[in-house]
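Just so we're on the same page: letters track the sequence lines, and every chain starts at 1. Just so we're clear, the structure is a prediction, and the values are computed from it rather than from any experiment.
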Amino acid sequence: MSDLEEEYQLEYFHEEGFERKECPSCGAHFWTRDPDRELCGEPPCADYEFIDNPGFEAEFSLEEMREAFLSFFEEHGHERIDPYPVAANRWRDDVLLTQASIYDFQPLVTSGETPPPANPLTVSQPCIRMQDIDNVGKTGRHTMAFEMMAHHAFNAREDIENPDQYAYEGEVYWKSETVAYCDELLDSLGADIEAVTYIEDPWVGGGNAGPAIEVIYRGLELATLVFMCMEQDPDGEYELKDGNTYSFMDTYIVDTGYGLERWTWMSQGTATVYEAIYPEMISFLKDNAGLEYTDEEAELVHRAARLSGQLDIDDVDDVEAARGDIAAALEVPTDRLRELVEPLETIYAIADHCRTLAYMLGDGIVPSNVSTGYLARMVLRRTKRLADRVGVDAPLDELVDMQAERLEYRNRDTIRDIVRTEVEKYRETLERGGRQVERLADEYADRGEPIPLEEVLELYDSRGIQPDTVEEIAAEHGVNVEIPDDFYARVAARHSDDDDAGETAETAPDEAAVADLPETEKLYYDEPERTDFEAVVLDVIERDDGDGETVYDVVLDQTMFYPEGGGQPADTGSISGEDVTVEVTDVQEADGTVLHRTDGDPGKGEFVRGTVDGTRRRRLMQHHTATHIIGHAAREVLGEHVRQAGAQKGTESSRLDIRHYERISREEVKRIERLANGIVTDNLTVKQEWPDRREAEDEHGFDLYQGGIPPGEKLRLIHVGEDVQACAGTHVLRTGDIGTIKLLSNERIQDGVERLVFAAGDAAIEATQRTEDALYDAAGTLDVSPQEVPGTVERFFEEWKDRGKRIEELKEQLASVRAQGEGGGEEIDLAGTTAVIQRVDADMDELRATANALVEEGNAAVLGSGLDGATFVVAVPDGVEINAGAVVSDLAERVGGGGGGPPDFAQGGGPDADALEDALEAAPDVLRRLSEA
RNA sequence: GGGCUCGUAGAUCAGCGGUAGAUCACUCCCUUGGCAUGGGAGAGGCCCCGGGUUCAAAUCCCGGCGAGUCCA
């Protein structure tokens with residue numbers, strides 16, 4: 001079976017007297033010490049044998065098991081490292097959440113570009129897998145949140161051309177040692193190692209592959225030992241189970257995964273994993289929901305849990321089908337079983353979801369409508385629904401806090417605050433949505449029709465209302481609604497209608513062209529305030545800028561020009577040779593080579609003098625340092641969770657996007673501004689250093705990487721007061737050099753992401769002056785002092801509204817006077833009614849009022865105005881057979897326009913005011929013609 | 001990152017090219033011994049902002065601001 005059969009012939013297996021066997025049930029190959037064993041031992045080929053029969057000598061709590069594992073590997077030469085955040089998108093853009101310990105080291109460590117934090121190392125990495133969210137609680141073993149305990153070793157082949165091209169060299173240990181460690185760990189915990197099986201199960205994922213071994217004990221998969229050593233390669237000689245071909249890489253990595261929860265469960269032998277890992281929370285929730293079982297019921301539930309854990313279940317449909325099987329095995333009706341077990345399953349799910357939330361929020365994820373924040377919001381809402389359904393009335397923030405406390409998060413107050421805010425938002429959404437559904441249900445109830453599916457889809461898509469909520473409310477109103485099984489697929493279909501055209505590719509510098517060029521020496525870090533330098537032109541690459549203009553990319557041996565990066569725009573300036581000076585309009589970096597985009601060719605091999613635009617550079621440095629200061633100040637004011645979500649520096653203003661769960665108030669803006677300027681006036685030295693990556697991470701932790709993780713063995717750190725960040729930009733030497741920092745505005749660019757726009761130095765003064773100019777202009781117009789502007793404007797606004805009302809009143813009075821005055825208008829008799837035809841040069845409002853007044857008197861009205869073009873209003877009293885719309889339409893055509901309206905009141909007009917008199921003269925004929933028709 | 005929905009009286013929402021509306025809340029009057037309630041009258045709108053189309057825009061189009069929601 002195994003395509004990598006020879007890869008599993010481990011020394012350790014042979015020394016220890018293992019035998020390789022083929023499972024007659026599933027066909028898998030496995031290694032065992034027990035010569036009599038036939039089956040591989042993994043369900044469905046075997047049952048759980050540890051429930052009520054723990055597999056280790058002692059019982060372990062979650063914390064004890066984690067410690068036992070980590071210290072075992074520490075004692076065996078591994079360094080213990082701190083876990084990474086569960087928000088994997090903080091260091092990689094291909095995934096959102098951390099789903100395995102190896103995620104911590106992808107892509108830069110696994111590719112060999114960056115050294116691991118330790119080698120070999122051990123870690124217990126919190127992970128979140130949302131794939132089988134629906135199964136949590138039901139199967140007894142699925143959890144959304146878990147910790148993957150692991151030991152990793154990063155090896156690189158030495159028999160290659162440049163072994164030092166990788167950030168680690170040589171072999172730490174490989175397959176045989178890995179299995180030996182696992183075996184020894186099991187043995188040290190008192191497991192019956194005769195009963196352990198090692199199943200061959202090649203692993204493929206994310207473009208990499210390698211042999212792997214599943215470790216099975218008493219029916220439970222306790223660990224997976226992956227030997228990542230291959231990469232996808234069209235010419236590779238190994239075809240693996242995904243149908244692709246693979247070949248061996250220069251690096252080969254031990255990637256193991258030991259499920260902390262499963263090991264804890266194994267040590268306790270409880271009916272479900274949940275009861276082993278957070279027993280207090282389960283019993284709290286049971287109490288709170290008032291869940292009570294008789295001894296007989298408890299026994300039944302226990303037996304059911306035991307059975308359900310053994311079933312090979314992959315999705316919810318299977319769970320429901322399996323429930324029938326279990327009920328049959330227990331000889332009780334399916335409904336009775338469901339009634340007993342479902343509340344308990346819900347409680348398991350709540351506990352797990354709260355732990356998930358504790359990890360997410362504790363690691364600084366802020367609920368949002370995008371990215372990981374959205375996932376957190378989904379989990380939170382789902383948890384709230386589950387809690388409501390099963391009757392748990394403890395506040396959700398308290399439940400999450402129970403888990404956060406266990407996980408020893410320090411930011412528990414913030415976590416609770418976020419949960420409370422989110423629950424409140426959800427409550428509002430539900431309330432809004434509920435009302436909407438009520439209206440809809442009423443509407444369709446009146447018509448006696450079922451609510452169409454399209455409406456339900458719309459409710460879910462744009463208002464977040466679950467289809468079962470619609471069903472519930474519809475039932476209360478006696479309206480039918482059909483929710484198809486493929487509801488969510490239909491939602492997805494709505495979204496896949498329009499496939500957007502591919503983005504135009506960025507015009508990245510030609511990597512191939514610079515591949516042979518040496519790295520440019522960067523002078524701007526040593527003397528960020530110097531603007532001129534001397535250099536040798538190493539190469540000039542001629543290109544077309546896309547508009548038909550010829551431009552040049554100039555490569556120098558050294559440069560003072562800062563290439564665009566880290567949200568800081570490129571420097572501009574000029575490069576002068578003996579007889580030519582060229583303008584530098586853009587600077588980019590590719591593979592360590594700095595490319596100066598110029599409008600001329602300075603000549604390859606020439607000695608040149610470069611001059612950077614000093615004012616621009618100075619402004620950019622001020623803004624860059626200010627960005628760090630504002631980020632720090634925002635964290636002080638708003639909380640530890642505040643993290644950079646993006647930044648862009650400029651010469652006039654800059655912006656910093658930060659994660660925060662509420663709108664930032666004016667008061668908070670002021671405090672941030674005060675704090676930031678305090679740091680400026682303290683005139684602190686801005687320090688840069690290039691420490692070893694591992695030392696920097698040890699000392700400052702993961703928050704160094706506000707703007708992403710740079711590759712390499714060394715990091716450039718920028719210290720501004722207490723704030724430390726990995727940063728490649730240019731900074732002022734002392735904070736006092738910034739001069740001043742002014743926050744200009746803040747906007748919410750996404751839910752959970754606030755954008756702070758600010759200016760530093762001269763730009764701050766200019767921005768303040770602009771604001772003041774606007775205020776002074778307004779004050780000048782009002783002829784009051786700036787301080788009086790708000791009060792005066794408010795008074796004027798009120799007066800303006802009052803006058804509007806007064807004018808309305810007067811127009812109506814004028815209209816009724818005009819209607820009774822019987823002057824000026826031509827009156828004609830029309831089938832017993834008097835029609836008044838009159839020119840009133842007034843606006844549309846007044847025409848309407850006059851027409852209304854005439855109708856009040858029992859007359860038909862045809863009014864024309866020449867005030868703005870030509871406009872007409874025609875109104876007729878009830879019971880008069882004239883179509884006002886038709887009359888207006890006819891008259892309006894005579895002035896080059898159109899018009900219409902209901903039969904009793906119509907308006908219209910056209911641009912040709914000169915034709916107004918003629919039109920009014922024709923009006924009697926028009927009226928007679930149309931009244932006769 | 002992408003999609004969709006919504007901004008109208010203090011609140012909740014109708015109206016979706018042709019005279020800005022309803023319900024609740026508010027003020028006053030009446031009904032009642034008082035309360036619940038019932039009847040009547042009234043006040044309360046830059047129809048989010050800025051452009052455009054049109055004889056005419058709350059309504060259609062574009063942009064902005066604000067809010068909500070689904071997906072990766």
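Across all strands, A:Gly901 comes closer than 4.0 Å to base atoms (heavy-atom distances). Across all strands shown, A:Phe797 has heavy atoms under 4.0 Å from base atoms, whether or not it also approaches the sugar-phosphate. The residue A:Asn852 sits close to a base: some heavy atom pair falls under 4.0 Å. Across all strands, A:Glu458 comes closer than 4.0 Å only to sugar-phosphate atoms, never to a base (heavy-atom distances). Within 4.0 Å of A:Met378, counting heavy atoms only, lie sugar-phosphate atoms of the nucleic acid but no base atom. When heavy atoms are screened at a 4.0 angstrom cut-off, A:Val370 is found touching base atoms of the nucleic acid.
Listed nucleotides: B:C70, B:U12, B:G45. Nearest to the side chain of A:Val491: B:C70. Listed nucleotides: B:A14, B:G45, B:G1. Nearest to the side chain of A:Arg439: B:A14.
Within a 6.0 Å sphere centred on CG of A:Asp802, other residues, nucleotides and ligands contribute more than 12 heavy atoms. Enclosure of atom CG in A:Asp868 is not indicated, since only 12 or fewer non-hydrogen atoms of other residues, nucleotides or ligands lie within 6.0 angstrom. Surrounding CZ of A:Arg803 are at most 12 heavy atoms belonging to other residues, nucleotides or ligands under 6.0 Å away.
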Inset, instruction - Let me see the working for A:Glu812 and A:Glu846 under side chain to side chain contact (heavy atoms under 4.5 Å, CB included), right down to the final yes or no. - result: CA-CA 7 Å; A:Glu812 272 170 40; A:Glu846 218 172 311; over 6 Å; no
Inset, instruction - Applying side chain to side chain contact (heavy atoms under 4.5 Å, CB included), run through A:Phe872 and A:Leu863 and close with a yes or a no. - result: CA-CA 6 Å; A:Phe872 298 102; A:Leu863 305 176; over 6 Å; no
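Side-chain nitrogen and oxygen atoms of A:Arg435 include none within less than 4.0 Å of the OP1 or OP2 phosphate oxygen of B:A11. Residue A:Lys805 places at least one side-chain N or O closer than 4.0 Å to OP1 or OP2 of B:G45. One finds no side-chain N or O of A:Ser462 lying less than 4.0 angstrom from the OP1 or OP2 phosphate oxygen of B:C6. Phosphate contact (OP1/OP2 of B:A67, side-chain N/O of A:Arg663, threshold under 4.0 Å): present. The side chain of A:Arg432 contributes no N or O atom lying less than 4.0 Å from OP1 or OP2 of B:U12.
If you measure from atom CD of A:Glu438 to atom P of B:C13, you get 12 Å, rounded to the nearest angstrom. Rounded to whole Å, atom P of B:A67 lies 12 Å from atom CD of A:Glu428. Atom CZ of A:Arg92 is separated from atom P of B:A72 by 18 Å (rounded to the nearest Å). Look at CZ on A:Phe905: it is 9 Å from P on B:A20, rounded to the nearest Å. The interatomic distance linking A:Glu422 (CD) with B:U69 (P) rounds to 8 Å, in whole Å.
Side-chain contact between A:Leu775 and A:Asp773 is absent, with no heavy atoms from C-beta onward closer than 4.5 Å. At least one side-chain heavy atom of A:Pro367 sits under 4.5 Å from a side-chain heavy atom of A:Ile418.
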Legend entry - Secondary-structure string, 5' to 3', Watson-Crick or G-U under 3.5 Å, | for another-strand partners, for RNA chain B: (((((((..((((....[..)))).(((((.......))))).....(((((..]....)))))))))))).
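With 3.5 Å as the limit, one finds a donor-acceptor pair spanning the side chains of A:Ser462 and A:Glu458. Looking at A:Asn89 and A:Ser371, their side chains do bring a donor and an acceptor atom within 3.5 Å of each other. No side-chain N or O of A:Arg643 forms a donor-acceptor pair with one of A:Tyr705 less than 3.5 Å apart. For the residue pair A:Gln568 and A:Gln648, no side-chain donor N or O sits within less than 3.5 Å of a side-chain acceptor on the partner.
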Between the protein and nucleotides 15-17 of chain B, list the N/O to N/O atom pairs that are separated by less than 3.5 angstrom.
none

Where do N or O atoms of nucleotides 63-65 of chain B meet protein N or O atoms at under 3.5 Å, pair by pair?
none

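Residues passing the ring-ring contact (aromatic ring centres under 6.0 Å, His included) test with A:Tyr661 are A:His641, sequence neighbours excluded.
Aromatic pair A:Trp91/A:Tyr84: ring centres closer than 6.0 Å.
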Inset, instruction - Going 5' to 3' through nucleotides 50-60 of chain B, assign each nucleotide B (protein heavy atom under 4.0 Å from a base atom), S (under 4.0 Å only from sugar-phosphate atoms) or - (no protein heavy atom that close). - result: -----B-----
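RNA chain B is contacted by A:Arg748, A:Gln750 of residues 748-755 of chain A, taking any non-hydrogen atom closer than 4.0 Å.
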